[in-house]
Amino acid sequence: MSQLWHELEREVERRRTFAIISHPDAGKTTLTEKLLLYGGAIHLAGAVKARAAQRHATSDWMELEKQRGISITSTVLQFDYMGYCINLLDTPGHKDFSEDTYRTLAAADNAVMLVDGAKGLEPQTRKLFEVCRMRSLPIFTFINKMDRPTREPLDLLDEIEKELGITPYVMNWAIGTGDQFKGVYDRATKTVHLFQRSSHGQREAEVNIYPLDDPQAIKFIGKDLYHQLLEDLEVIDSLGAEWNTQDLHRGKLTPIFFGSAMTNFGVELFLKSFLECGLTPTVHDSSSGEVSPTDEDFSAFVFKLQANMDPRHRDRIAFVRVCSGKFEKDMSVTHLRSGKVIRLSHAQKLFGQDREAIDVAYAGDVIGLNNPGMFAIGDTIYFGKKRQYAGIPSFSPELFCTLRNPNPSKFKQFRKGISELQEEGAIQIMYSVDEAKRDPILAAVGQLQFEVAQYRLQSEYNVETILESMPYSVARWVTDGWDTLESVGRLFNTMVVKDSLNRPVLLFKNQWNLNQVEADHPKLRLKAIAPISELITS
């Protein structure tokens, strides 16, 4: 084996790339901050809904995120801890931004499912779990907010097993809940980890570790709670779930961790277990078959575009997941879609809004590349052997509005803003086939996407806009293109538009209208997901 192969094997082995999925308000951004705190990447964790005097969460860099206390856009945070290189992909929990989360999961090797201990499984968590299952991602479960009143932990385990069809394996067990939450019992070491609360959870929690039968531990926990713990552990041991790393890596078994991200209880235990058990960067399917992360030819794909992360420079960044080989500064690669050779001279390590120049990167890493308008979501870049990774689809929007610019003097800024938001995929943008109607049509999964688009046009491009809602709720792409659509003739109660790649899309007022068109025109093939480009075969 070559020296480069040994270098790749060593670097891939120490990498862990994961995304956090959850329903809104389960504490995802808080957990992200605390993982950064324990990883040594930050020294003081920020409040999520921060007051003016407090810090904002590192992962929430957009001004609107800080105002609302929610995550609107996916963020990459890379840091080193205990000899591992961690790529943490923080995703929006809000359903209105689920498409951004789907794209980000395409770049992850593992997923952390965050569950609110009081609410259990919630709709967005279930939805994102199914996406992880489709990709066979290993799923680690962190049951959060144990410092507040919660449901019975055994009920939560039962719900996860029955509703998700995945086997739960308890890694640690909560000692009490709510005001009685004292810490956790670690099954691997048979020790209790008893925590001291830190000021607003901004610093690492002080922890005392004892054997289960240590008199000091019993005294701290209290006799009643201690006996309850022993009873719970007997039940857990009798459940019969056995640890199997292969089942974890195939998405069939999920390790369960209890804790409180807000007070830092159980976060460090979770992080260390994840690093030990998490999946290293995996093979990726391509047009030339499976590509190993230790393949010496560099290859990567674009899974996200973001404009104006740095308002001072009005930049555009492509988020690129490295799949194989070694990235080196100033290397020249082929951009597969255009066939052009481009030089990667300004690659950046991403840490929320902050960035720094990077000289090398390996499979599993996410790097930021300046995007002069060349990159699109799903693009492949490579050096050496020609290969292409499957594209990333767009999903059917449910809300539609025309967007008007009332100020003709701002036409250039308006057009630039629309173009860059379209590149990002932050919102889908379509146009009428009637050339007289020039106003773009915004298509979204949720109302909040419209608000963010208008906010960003105002704050980043200084353009005020007017939204006018359209009476449509269903979109379908025409699989066989324009010729097939023209052969069908006129369609009633249907609007024909074109997407950003000039593909025909039909808008329907409701599901009944869609069903009627499909019944009347059985040869018209329609899809709820935008077609992705075919893989090259040579």
Side-chain angles (χ1 to χ4, degrees), residues 60-68 70-75 92 94 96-97 99-100 103 302-319 350 352-353 355 368-379 392 394 397 399-432 434-470 475 497-503 505 530:
D60 288 342
W61 56 268
M62 192 182 290
E63 190 60 38
L64 192 60
E65 292 178 306
K66 297 174 184 178
Q67 291 174 12
R68 296 202 178 200
I70 61 171
S71 295
I72 286 170
T73 181
S74 298
T75 313
H94 201 289
D96 287 9
F97 304 102
E99 198 161 341
D100 198 20
R103 288 194 288 262
V302 178
F303 69 92
K304 176 181 170 63
L305 300 172
Q306 183 71 54
N308 304 326
M309 286 180 72
D310 184 348
R312 294 167 298 178
H313 298 113
R314 297 296 181 199
D315 57 354
R316 290 187 286 174
I317 297 294
F319 287 57
L350 300 163
Q353 189 180 16
R355 286 164 286 166
L369 299 178
N370 288 332
N371 179 26
M374 172 173 281
F375 294 118
I377 290 169
D379 278 357
I392 300 174
S394 297
L399 300 172
F400 303 86
C401 287
T402 53
L403 185 72
R404 289 200 300 109
N405 166 30
N407 187 347
S409 67
K410 298 282 187 178
F411 176 71
K412 281 188 177 179
Q413 295 97 312
F414 176 72
R415 187 168 60 179
K416 182 181 180 185
I418 289 296
S419 173
E420 294 185 358
L421 289 179
Q422 180 172 283
E423 276 181 9
E424 282 181 28
I427 193 165
Q428 292 186 52
I429 298 176
M430 302 176 180
Y431 288 90
S432 171
D434 183 348
E435 295 299 328
K437 298 177 180 178
R438 304 286 299 278
D439 292 332
I441 297 168
L442 302 192
V445 174
Q447 183 66 34
L448 196 52
Q449 283 181 279
F450 293 139
E451 295 177 32
V452 171
Q454 281 193 291
Y455 173 87
R456 291 187 60 193
L457 287 168
Q458 172 69 63
S459 65
E460 297 172 19
Y461 302 93
N462 195 27
V463 177
E464 289 187 14
T465 54
I466 296 172
L467 273 179
E468 295 176 354
S469 62
M470 300 173 69
V497 299
K498 54 189 176 183
D499 70 4
S500 60
L501 296 179
N502 201 36
R503 298 174 298 196
V505 184

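Side-chain atoms are counted along with the backbone in the values below, which use heavy atoms only and exclude waters and symmetry mates.
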Undergrad: Please indicate whether Q458 has more than 12 foreign heavy atoms, meaning atoms of other residues, nucleotides or ligands, lying under 6.0 Å from its CD.
TA: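 Count over threshold, so yes.
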
Undergrad: With rounding to the nearest 0.5 Å, note down the distance linking CG in L501 to CE in M430.
TA: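 L501 atom CG to M430 atom CE measures 10.5 Å (nearest 0.5 Å).
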
Undergrad: Could you tell me which non-hydrogen atom of N371 sits nearest to which non-hydrogen atom of L305, and how far apart they are?
TA: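 Distance-wise, the nearest heavy atoms are ND2-CD2, 3.7 Å.
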
Undergrad: So which heavy atom on Q454 is nearest to which on L467, and how close?
TA: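 Closest approach of Q454 to L467, heavy atoms only: OE1-CD1, 3.3 Å.
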
Undergrad: Using side-chain contact (heavy atoms from CB on, under 4.5 Å) as the criterion, point out the one residue from T465, N462, N407 that pairs with F414.
TA: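 Checked T465, N462, N407 against F414; only one passes side-chain contact (heavy atoms from CB on, under 4.5 Å): T465.
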
Undergrad: Applying salt bridge (Lys or Arg N to Asp or Glu O under 4.0 Å), can you list everything that pairs with K437, at least two apart in sequence or on another chain?
TA: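 With sequence neighbours excluded, K437 shows a salt bridge (Lys or Arg N to Asp or Glu O under 4.0 Å) to no residue whatsoever.
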
Undergrad: To the nearest 0.5 angstrom, please state how far the CD1 atom of I441 sits from the CD1 atom of I429.
TA: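 Result: 11.0 Å between the selected atoms.
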
Undergrad: Less than 4.5 Å apart, any side-chain heavy atom of L442 and any of L421?
TA: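 No, their side chains stay 4.5 Å or more apart.
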
Undergrad: Using side-chain contact (heavy atoms from CB on, under 4.5 Å), reason through L369 and V302 one step at a time and then give a plain yes or no.
TA: CA-CA 10 Å; L369 299 178; V302 178; over 6 Å; no

Undergrad: I'd like to check the salt bridge (Lys or Arg N to Asp or Glu O under 4.0 Å) partners of R404; sequence neighbours left out, ordered by chain and number.
TA: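 If we apply the salt bridge (Lys or Arg N to Asp or Glu O under 4.0 Å) test to R404, skipping adjacent residues, the hits are E468.
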
Undergrad: Specify the closest pair of heavy atoms between S469 and C401, including all atoms of both residues, with the distance to one decimal.
TA: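 That would be CA-SG, 3.5 Å.
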
Undergrad: With side chains defined as the heavy atoms from C-beta onward, is the minimum distance between Q447 and L399 less than 4.5 Å?
TA: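 Counting from C-beta outward, Q447 and L399 do come under 4.5 Å.
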
Undergrad: Could you measure the distance from the CG atom of D499 to the OH atom of Y431? Nearest 0.5 Å is fine.
TA: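 It is 11.5 Å, given to the nearest 0.5 Å.
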
Undergrad: Among Q413, K410, K412, E420, which residue meets the side-chain hydrogen bond (donor to acceptor under 3.5 Å, both in side chains) test with Y461?
TA: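 Of the listed residues Q413, K410, K412, E420, the side-chain hydrogen bond (donor to acceptor under 3.5 Å, both in side chains) partner of Y461 is E420.
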
Undergrad: Between atom OG of S432 and atom CE of M470, what is the distance when rounded to the nearest 0.5 Å?
TA: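 If we round to the nearest 0.5 Å, S432:OG and M470:CE are 8.0 Å apart.
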
Undergrad: Evaluate side-chain contact (heavy atoms from CB on, under 4.5 Å) for N370 paired with I317, printing each intermediate quantity in order.
TA: CA-CA 5 Å; N370 288 332; I317 297 294; 3.5 Å; yes

Undergrad: If you apply the rule side-chain contact (heavy atoms from CB on, under 4.5 Å), what do you find for I418 with N405, and how did you get there?
TA: CA-CA 11 Å; I418 289 296; N405 166 30; over 6 Å; no

Undergrad: Going by the rule ring-ring contact (aromatic ring centres under 6.0 Å, His included), which residues pair with F400 if we only count those two or more places apart in sequence or in a different chain?
TA: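 ring-ring contact (aromatic ring centres under 6.0 Å, His included) check on F400 returns nothing, list empty.
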
Undergrad: Given I427, which of Q422, Q449, R456 fulfils the side-chain contact (heavy atoms from CB on, under 4.5 Å) condition?
TA: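 Among Q422, Q449, R456, the one that satisfies the side-chain contact (heavy atoms from CB on, under 4.5 Å) with I427 is Q449.
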
